[in-house]
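To keep things clear, I will list the structure first and then write my remarks on it.
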Amino acid sequence: MKNQLFAMILLLIGTILTACQEEIRRPDIMLIPQPASLNNLEGVFQISSGTKILINSDSKEMHRVTADLSRHLEGMYEIKCKVSFSGAAEKKSIFIKLNTGLSISRESYNLVVTPKGILLESPSPNGLFYGIQTLVQMMPPVKQSLSEVVVPSAEIKDSPRFTWRGLHLDVGRHFMPKEFILKYLDYMAFHKLNTFHWHLTEDQGWRIEIKKFPRLTEVGSVRKETLVGHYGSNSYDGKPAGGFYTQEEVKEIVAYASDRFITVVPEIEMPGHALAALASYPELGCTGGPYEVGTTWGVFDDVYCAGNAKTDTFLMDVLKEVIPLFPGEYFHIGGDECPKTRWKECPVCKQKMKEEGLKTEHELQSYFVQRMERFLNENGKKLIGWDEILEGGLAPNAAVMSWRGEDGGIAAARERHYVVMTPGEYCYLDHYQADPKTEPLAIGGYLPLKKLYGYEPIPAVLSKEEAKYVLGAQGNVWTEYMQTPAQVEYMVFPRAAALAEVVWSPKGARDFDGFKTRLSRLSKFYDLMGINYCKAEFKQ
Ligand code: ACM
Ligand code: ZN
């Protein structure tokens, strides 16, 4: 009996080792997101320390592209290739060619692997970067010293379906350290996601240093305690919680993102979700306070006073410091969940409405957002906000993030405004992904992998012309119930893989069973990256 058990264990170990050896000899091509076109070819190419990486253009961006490949080869397999930036193609090399003559979009690339070498081409470094991500996934998901890495031969022509491939993170509810934000950006790049929506201010914490207003971080970044359990529990942990990013740290994060071709979209939330700012500067609220940084979740009646010129000056001064830190074109001003309770009673707000001929508080919010839009536009930014900014009239150039279903996105696209689709039912990664009875506490909802995978960002009711205004989609990660980076990882992965395929791959390429097979291989990379992903989908 004992001998039989021993033999079985040996057999099992043997099978696992053979599988690993197979991976090393000729990895199957299983990519996420699935490329637009993939042709398997005969044979393999072997990368060793003698293989040259040749690049036809010597620029900062091309160095970034190449650094990613070198980092992978060295970090995973201890293979250190020679790199030359003045290279023409040579036999048995990896040739990375910036080819502005190619008539494909800037994030697209062509990758050809044959036993004679590798050719990666794109009209821009962005596309080359995504080609490298694909190449990396074609290598074995192992971390061990190898004399050569085998890449299966194939011809891939790839192009993303959408230009906004977003992942969001709320650092207001729970602060996440800089080191984790950097990891999050690495994970995004690996999935070919290109837009990091960084939700920096909340009722429960202000997370970005503003030099002109030090109290925002001295007071507003710390709450005295936090609700325990579900909303309404009435139980608190009695422990202060806080944290913020200095402007120097923000610059470091933005540069790190830029090295990975990720645009960071900052969100400074207004006019609601502003309790941390009001606790710091009570004169910005309708009642004058005192206020306290939020210790529970939900929506609070105390918001910025929209009638007070001081609020405008304050917010514009904040924006003046934040704008230069973020080179991207969009700036998110929030705009969601702003109760009008205080404005209805506030003499200053009422006076403003009278002066400006505003009939409802929604119009007051719209008036407020339009002023912010003018300011942002004058400072070289486009405004984007949650779909409530449609109420009371959309600001002339604003883009809309549709979260309360698809209606906001549909309405905005019909008005010829750009939209990003993030409907709660399909894109909220704070919702449960498996049976709540066996899962860590989450806000609610139910978004299993398959449901997100089946999401179609272009609402069927839009005409072809209107559909052009859908920039893409985004997964949102609200952290009320995610206290740690490990819990964020658990909620985001593997659902981010499904999201990646929704926003990158052709609509017709969607195949959940095939995706799950590819995902089981991708999860080996997750293991090597140390991602704490949810394994509910791997149990069957
Ligand atoms: C949101 O989820 N309140 C945008
Ligand atoms: Zn007011």
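Both counts, for ligands and for their atoms, begin at 1 and track the order of listing.
Between His230 and Tyr481, the ring planes lie perpendicular to each other; the angle is over 60°, past the 30° to 60° tilted range.
Using a 4.0 Å cut-off between a side-chain N of Lys or Arg and a carboxylate O of Asp or Glu, Arg173 and Glu269 do not qualify as a salt bridge. In summary, Asp186 and Lys183 do not engage in a salt bridge, as defined by a charged side-chain N under 4.0 Å from a carboxylate O. At a threshold of 4.0 Å, the pair Arg404-Glu391 counts as salt-bridged, since one of the basic side-chain nitrogens sits closer than that to a carboxylate oxygen. The existence of a salt bridge linking Glu321 and Lys211 is excluded, since no basic side-chain nitrogen approaches an acidic carboxylate oxygen closer than 4.0 Å.
Take a cut-off of 2.8 Å around the Zn ion (ligand 2): the protein N, O or S atoms inside it are Cys286 SG, Cys305 SG, Cys346 SG, Cys349 SG.
Annotation: Trp386 places no N or O atom under 3.5 Å from an N or O atom of ligand 1; distance criterion only. In terms of polar-atom proximity, defined here as any N/O pair under 3.5 Å, Glu337 does make such a contact with ligand 1.
Side-chain atoms of Gln483 and His174 include no donor-acceptor pair closer than 3.5 Å.
Sparse packing is recorded around CZ of Arg106, with 12 or fewer heavy atoms of other residues, nucleotides or ligands lying under 6.0 Å away.
Among protein heavy atoms, the minimum distance from atom 3 (N) of ligand 1 is reached at Asp336 OD2, 2.6 Å. Counting only heavy atoms of the protein, atom 2 (O) of ligand 1 lies nearest to Tyr428 OH, 2.6 Å.
Separation of the Tyr245 and Trp198 ring centroids falls under the 6.0 Å cut-off.
Within the listing of ligand 1, atoms 1 (C), 2 (O), 4 (C) sit less than 4.0 angstrom from a heavy atom of Trp478.
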